[in-house]
Amino acid sequence: MSDFFGDDFTAELKTYFLQSVLAEAQKNTDLIDETTWRRVQSEIQEQAESWYVDAKTNEFIHLAEWFSAYGGSSENFQEAQDVLSALQLLKSYLEALVSGKPDSSDLAHQFTVFSSGKRESLYLHCRTGNQDFVVPVQSVLEISGPLTLSPLPEPQSHFLGVVPFRGEALPVLNLQSHGFQEIGDGFCYYVICEFNGARFSLQVSETDQLVSVAEKDLQSIEGQSKMISAPFIKSFFIRDNHSFMVLDIEKLVA
């Protein structure tokens with residue numbers, strides 16, 4: 001157990017709090033669809049007030065501020081996906097705290113709730129070689145370490161092979177066939193995705209934090225000669241002097 005939690009009894013209380021909120025966040029995620037999101041959103045707002053108090057009691061000051069910010073920002077939510085994206089942020093934040101990371105301002109910044117009045121979307125940051133790209137977080141089911149990559153019975157240029165996932169053999173899309181850098185034989189991750197019931201995987205060399213991107217910061221890929229030309233890349237954004245390509249999952253699976 002991390003020293004951050006202090007003595008064993010305090011650690012147990014804090015862990016119980018984090019895990020109970022995590023379980024509630026997951027339950028609410030499972031309940032949300034286009035017909036229920038307003039009701040669930042209202043219930044979450046009520047829960048957030050209680051979570052705010054409990055977070056402060058358990059000395060998670062920045063997490064408490066997150067719940068406070070959520071209460072104000074959630075008034076701008078316009079659809080089910082807004083609520084789902086915020087809950088995904090919360091779950092990732094809680095999982096980081098459960099793993100022992102200190103509740104610092106730097107950590108909290110990675111999981112900032114939508115800014116008031118600004119339309120933003122949440123993405124998972126990935127990398128192949130020195131190329132940065134992001135995947136819409138609502139399409140991400142899981143991030144896995146090395147898996148056994150098996151060849152297809154009949155090789156196809158758009159697939160690297162298949163990997164096992166929960167009893168299924170998922171196809172691994174070949175990003176390299178569209179100009180992405182090869183990973184080679186080194187350590188890699190598999191980002192398990194789902195879109196309209198179809199599951200597939202992306203092989204990446206690195207994947208780390210979630211990033212929230214405002215629509216106004218997205219730029220068209222057209223005319224950018226240094227960018228990869230692929231039908232599933234229509235936009236990019238710049239952050240910390242780096243360009244991040246945005247993968248259009250619908251175009252990718254098409």
Side-chain angles (χ1 to χ4, degrees), residues 85 88 92 96 106 109-111 120-166 168-196 198-215 217-254:
S85 295
Q88 183 59 53
S92 297
D106 289 340
H109 181 70
Q110 297 180 24
F111 309 105
E120 300 190 4
S121 297
L122 187 64
Y123 298 92
L124 174 68
H125 174 212
C126 301
R127 182 178 292 113
T128 55
N130 61 8
Q131 296 168 321
D132 294 284
F133 67 94
V134 296
V135 181
V137 74
Q138 67 265 26
S139 296
V140 177
L141 291 178
E142 189 173 304
I143 300 170
S144 176
L147 296 172
T148 302
L149 178 63
S150 302
L152 291 167
E154 298 181 7
Q156 301 180 41
S157 61
H158 294 300
F159 298 100
L160 294 174
V162 295
V163 292
F165 178 73
R166 299 179 185 175
E168 296 182 62
L170 299 188
V172 181
L173 301 187
N174 186 0
L175 294 177
Q176 289 73 35
S177 66
H178 294 281
F180 284 80
Q181 295 175 350
E182 293 189 11
I183 296 176
D185 297 327
F187 186 91
C188 66
Y189 297 90
Y190 288 92
V191 179
I192 310 299
C193 302
E194 183 176 43
F195 182 79
N196 285 347
R199 291 183 175 182
F200 59 95
S201 178
L202 303 174
Q203 187 189 68
V204 301
S205 55
E206 294 180 54
T207 179
D208 45 30
Q209 64 187 11
L210 299 174
V211 293
S212 186
V213 183
E215 283 187 356
D217 293 331
L218 296 178
Q219 303 180 45
S220 174
I221 208 79
E222 293 184 12
Q224 301 290 331
S225 58
K226 295 184 179 180
M227 294 287 185
I228 292 175
S229 177
F232 54 85
I233 301 176
K234 297 296 185 181
S235 59
F236 73 100
F237 63 93
I238 297 176
R239 185 163 296 180
D240 298 328
N241 295 320
H242 289 283
S243 296
F244 295 77
M245 296 173 285
V246 180
L247 267 59
D248 184 328
I249 296 298
E250 183 176 5
K251 297 287 186 182
L252 184 63
V253 298

- [ ] Indicate the atoms forming the closest heavy-atom contact of I238 with S243, along with that distance.
- [x] CG1-OG, 4.0 Å
Open item on the list: If you define the side chain from C-beta out and look only at heavy atoms, does anything of V246 sit under 4.5 Å from L218?
Closed with: yes
- [ ] Give a yes or no answer on whether the side chain of S205 reaches the backbone of G129 with a donor-acceptor pair at less than 3.5 Å.
- [x] yes
Open item on the list: Looking at E142, I want to see if its CD is surrounded by more than 12 non-hydrogen atoms of other residues, nucleotides or ligands under 6.0 Å.
Closed with: yes
- [ ] Assign the ring pair H178 / F232 to parallel, tilted or perpendicular, where the plane angle (0 to 90°) is split at 30° and 60°.
- [x] perpendicular
- [ ] For the pair Q131 (side chain) and Q181 (backbone), establish whether a donor and an acceptor sit closer than 3.5 Å, ignoring hydrogens and angles.
- [x] yes
Open item on the list: Is any side-chain heavy atom of Q156 closer than 4.5 Å to one of N174?
Closed with: no
- [ ] Give me the ring orientation class for F244 and H125: parallel if the planes are under 30° apart, tilted from 30 to 60°, perpendicular past 60°.
- [x] perpendicular
Task: Least distance between heavy atoms, C126 atom then T207 atom - done: SG-OG1, 3.8 Å
Open item on the list: Looking at every heavy atom in both I221 and I228, which two are closest together, and how far apart are they?
Closed with: CG1-O, 4.3 Å
Task: Q219 side chain to F237 backbone, donor-acceptor under 3.5 Å - done: no
Open item on the list: Within the structure provided, determine whether V135 and C193 are in side-chain contact (heavy-atom separation under 4.5 Å).
Closed with: yes
- [ ] For atom OH of Y189, decide whether the heavy atoms of other residues, nucleotides or ligands shown that lie under 6.0 angstrom number more than 12.
- [x] no
